[in-house]
A.B. asks: 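What follows is a structure written as structure tokens; I'll ask about it next.
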Protein chains: 2
Amino acid sequence: MPDKKLKRALAPEPIAHQGMAGPGLFGDVGGQVKMADIAMLAGVSESTVSRALAGSKLVNPATRKRIEEIAATHSYSIDQRARNLRLSRTGTISVVFPLSHESEQGIADPFFLEMLGNLADQLSNRGYDLLLRKIRSDVPRMLTDLLREGRTDGVLLIGQSTQHDLINELAEHYQPLVVWGARQPDNRYITVGSDNRGGAAAAVRHLLDCGHRRIAFLGNRQLPEVAARYQGYSQALSAAGLSVAPDLLLPVPFDRQGAFAAISGFLDRDRAIDAVFAASDIVAIAAIRALDQHGLKVPHDVAVVGFDDIMVAAAYTPALSTVRQDIALGARTMVDLLFRLIEGEAVNSVELPTALMIRASSAHPA
Amino acid sequence: MPDKKLKRALAPEPIAHQGMAGPGLFGDVGGQVKMADIAMLAGVSESTVSRALAGSKLVNPATRKRIEEIAATHSYSIDQRARNLRLSRTGTISVVFPLSHESEQGIADPFFLEMLGNLADQLSNRGYDLLLRKIRSDVPRMLTDLLREGRTDGVLLIGQSTQHDLINELAEHYQPLVVWGARQPDNRYITVGSDNRGGAAAAVRHLLDCGHRRIAFLGNRQLPEVAARYQGYSQALSAAGLSVAPDLLLPVPFDRQGAFAAISGFLDRDRAIDAVFAASDIVAIAAIRALDQHGLKVPHDVAVVGFDDIMVAAAYTPALSTVRQDIALGARTMVDLLFRLIEGEAVNSVELPTALMIRASSAHPA
DNA sequence: CGCAGACTTGCAATCGATTGCAATCATGAT
DNA sequence: ATCATGATTGCAATCGATTGCAAGTCTGCG
């Protein structure tokens with residue numbers, strides 16, 4: 001047998017795809033250089049290159065060093081497509097926003113956007129990519145597609161929307177799933193969320209302490225998180241010996257315009273309220289505007305408390321009292337739980353504490 | 001030769017990975033079913049399945065129908081990892097945020113978050129996924145890695161940050177790249193951005209029309225977009241026969257706290273201003289708060305105009321006058337240009353019109 | 001000098017698809 | 001009955017990596 005190794009090393013295509021622009025920082029962008037090229041240059045097999053680059057102990061330190069240098073010289077990076085295929089993983093976590101029918105247009109609420117930013121941080125810290133998906137009405141189809149296509153190692157679902165039952169069914173068959181939202185008795189999936197009930201109760205107690213009695217509740221109680229906040233609201237009222245007045249419960253949507261319209265409509269027929277507890281800061285801000293247009297001053301005539309503590313809340317005029325959710329902690333927790341699920345660990349849902357931020361919009365009436 | 005086909009069809013593993021939970025909606029999530037399984041069930045080769053599912057005309061309509069039905073029954077989806085590897089594409093577009101040193105912590109500005117939401121819409125409309133990346137200080141390394149790893153078919157860079165030269169160098173070697181930001185004379189990359197100069201000039205003209213003369217400019221002029229806005233500012237002043245007062249130029253950062261601190265510091269030593277033009281709404285809002293804390297009322301004592309028209313601008317109190325950027329159009333344009341680049345078309349940078357939104361914060365002084 | 005055992009390395013199968021080319025089949029014309 | 005022709009289908013290589021197993025090299029010790 002003639003020397004096969006030599007023959008390979010002398011093969012006509014050294015690596016010269018094209019100009020090979022030298023050591024310039026961006027010389028080889030585009031992924032033309034492959035592992036086989038590095039192997040040939042180093043005079044070893046692909047196996048050895050793979051092992052060297054993966055840090056395996058099975059390669060001679062000298063060989064490894066040479067390979068690493070060659071790889072660096074040609075600014076080679078492992079092709080993640082191929083690697084992931086072989087390892088049957090993806091290196092990608094999907095973040096999915098189920099959009100309710102209301103706001104088909106987009107992820108509007110700053111709370112969710114801030115959450116997204118934090119998740120991106122957390123995931124990139126762990127070397128994972130973040131795949132962003134919005135899902136419209138047909139959640140089941142799109143979600144299963146996403147999973148089956150093998151594009152993702154796990155899913156973070158932001159908000160339960162009104163899809164609780166579907167999520168439950170999905171969870172039966174798909175493990176690496178963490179949902180931001182309210183923990184419910186029959187949840188078969190892992191949730192991370194705030195103590196909605198407790199936070200809301202604290203807010204309403206605060207309004208009661210200020211002497212308010214006719215406190216409107218603004219929010220769509222079909223959403224589990226809002227339902228939990230409503231529980232806190234009603235619980236705080238009961239504790240004070242008051243009962244819930246059904247005419248003070250407004251099922252307003254979460255988007256700005258919808259909320260504004262709903263609240264305006266309400267104020268057109270009923271203005272006998274002295275406080276408002278809104279299920280989100282966006283709703284609270286819409287409420288303040290609507291109140292203003294109806295000649296009611298905040299906090300003088302009506303006190304307002306929101307929920308979330310989005311960035312603008314403190315900067316708003318009047319500064320918005322609100323129940324603070326710790327978004328950064330929430331994101332960290334979701335990612336942490338998801339990776340533990342991926343590793344097969346059994347984990348439990350988490351409920352995070354909230355903090356009542358009292359600001360100008362609910363200052364004690366003079 | 002014995003009948004090989006028959007042997008295969010009778011092979012022991014029918015497909016029974018496990019329970020095969022029946023036709024339940026989520027029965028087969030997880031990607032266990034592969035093309036080979038479908039092929040076997042249909043009694044054809046993988047080639048035929050591939051062609052049938054890809055809509056090739058090379059398969060018998062009857063065969064195609066049968067394959068499609070079997071695929072549907074077993075809720076099979078093509079594995080995108082494998083497909084993309086074979087086709088050497090990814091089906092993914094990366095959206096990259098270069099974070100300047102200032103705000104290492106995260107994507108804070110609502111403008112960028114709204115942009116992100118819109119990009120997600122546009123990309124998913126085209127069947128592409130959106131990979132979100134934040135890049136810290138070492139832009140070159142991370143960006144080239146991202147590209148070389150073969151994870152992405154194209155890159156949307158949101159904001160030039162202070163990396164103009166690096167981006168230029170990158171663009172020499174990497175084509176499918178569209179940048180949100182200011183068009184500059186020596187750009188070798190495609191940009192989409194607003195008419196920063198024109199928008200700013202309109203805003204400043206408006207302030208001049210209201211009778212203001214000492215108009216502060218708030219923004220970090222190292223950023224190309226801000227530099228362009230500054231040009232508009234200075235141009236409008238010149239046109240009115242005024243000159244730029246260097247002491248009215250404040251290099252404030254883009255994040256809320258930093259902006260607030262910088263403006264407060266300025267007001268501590270100089271309060272002889274009657275208007276403020278801020279390079280972003282976030283800065284404008286910070287300015288309003290700082291002015292308020294220094295006993296200056298907006299718009300009575302000082303008029304304020306921002307830039308962006310983020311969602312809270314109109315809802316703010318006082319409602320914020322601002323230069324509106326059409327985010328949705330911007331996102332659509334970026335995606336459109338990127339896909340045309342990917343298809344090899346030659347395209348040009350785009351500058352989008354802005355609209356001056358006059359609201360309460362700059363109402364004509366009484 | 002010979003051989004066991006520890007180190008290194010390479011071969012070849014594999015992940016799950018796509019596709020050029022060859023092979024097969026059916027049909028109609030002669 | 002024979003053959004050209006077009007319509008279907010299958011074979012096998014390929015995308016770029018990883019890894020179990022076998023083979024080869026080198027060392028030290030008897």
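Side chains included, hydrogens not; waters and symmetry mates left out as well; all remaining heavy atoms used.
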A.B. asks: Does a side-chain heavy-atom distance below 4.5 Å link A:V155 with A:R133?
C.D. replies: no
A.B. asks: May I ask you to verify if any side-chain N or O of A:R81 is less than 4.0 angstrom from the OP1 or OP2 atom of D:dG16?
C.D. replies: no
A.B. asks: Expected output is a numbered-order residue list: members of residues 50-70 of chain B with a heavy atom under 4.0 Å from any atom of DNA chain C. What is it?
C.D. replies: B:S50, B:R51
A.B. asks: Look at A:R86 and C:dT14 and indicate whether a side-chain polar atom (N or O) is within less than 4.0 Å of OP1 or OP2.
C.D. replies: no
A.B. asks: Please walk me through it: do A:D129 and A:R151 pass salt bridge (Lys or Arg N to Asp or Glu O under 4.0 Å)?
C.D. replies: CA-CA 11 Å; A:D129 281 322; A:R151 281 183 189 276; over 6 Å; no
A.B. asks: Do B:D153 and B:T90 get their side chains close enough for a donor-acceptor pair, meaning under 3.5 Å?
C.D. replies: yes
A.B. asks: Under 4.0 Å, counting only non-hydrogen atoms across every strand here, what does B:S47 touch: a base, just sugar-phosphate, or nothing?
C.D. replies: base
A.B. asks: Provide, to the nearest angstrom, the distance between the CG atom belonging to A:N84 and the P atom belonging to D:dC15.
C.D. replies: 19 Å
A.B. asks: Would you kindly give the CD1-to-P distance between B:I38 and C:dT18, to the nearest whole Å?
C.D. replies: 13 Å
A.B. asks: Does the distance from a Lys or Arg side-chain N to an Asp or Glu carboxylate O, for B:D79 and B:R83, drop under 4.0 Å?
C.D. replies: no
A.B. asks: Given atom CD1 of A:I78 and atom P of D:dT19, what is their separation to the nearest angstrom?
C.D. replies: 11 Å
A.B. asks: B:V96 versus B:T152: any side-chain heavy-atom pair under 4.5 Å?
C.D. replies: no
A.B. asks: Roughly, in whole Å, what's the span from CZ in A:R89 to P in D:dT19?
C.D. replies: 11 Å
A.B. asks: Between B:L87 (CG) and C:dG16 (C1'), how many Å, whole number?
C.D. replies: 12 Å
A.B. asks: Using a cut-off of less than 4.0 Å, is there contact between a side-chain N or O of B:T48 and OP1 or OP2 of D:dG10?
C.D. replies: yes
A.B. asks: Would you check if the side chain of B:S124 reaches a backbone N or O of B:A120 as a donor-acceptor pair within less than 3.5 Å?
C.D. replies: yes
A.B. asks: Quick one: B:E46 CD to C:dT18 C1', roughly how many Å, whole number?
C.D. replies: 10 Å
A.B. asks: Roughly, in whole Å, what's the span from NZ in B:K34 to C1' in C:dG16?
C.D. replies: 7 Å
A.B. asks: Expressed as a whole number of angstroms, how long is the span from A:R83:CZ to C:dC15:C1'?
C.D. replies: 13 Å
A.B. asks: Given side chains that start at C-beta, do those of B:V44 and B:V49 come closer than 4.5 Å, heavy atoms only?
C.D. replies: yes
A.B. asks: Does A:Y76 put a side-chain nitrogen or oxygen below 4.0 Å from OP1 or OP2 of D:dA17?
C.D. replies: yes
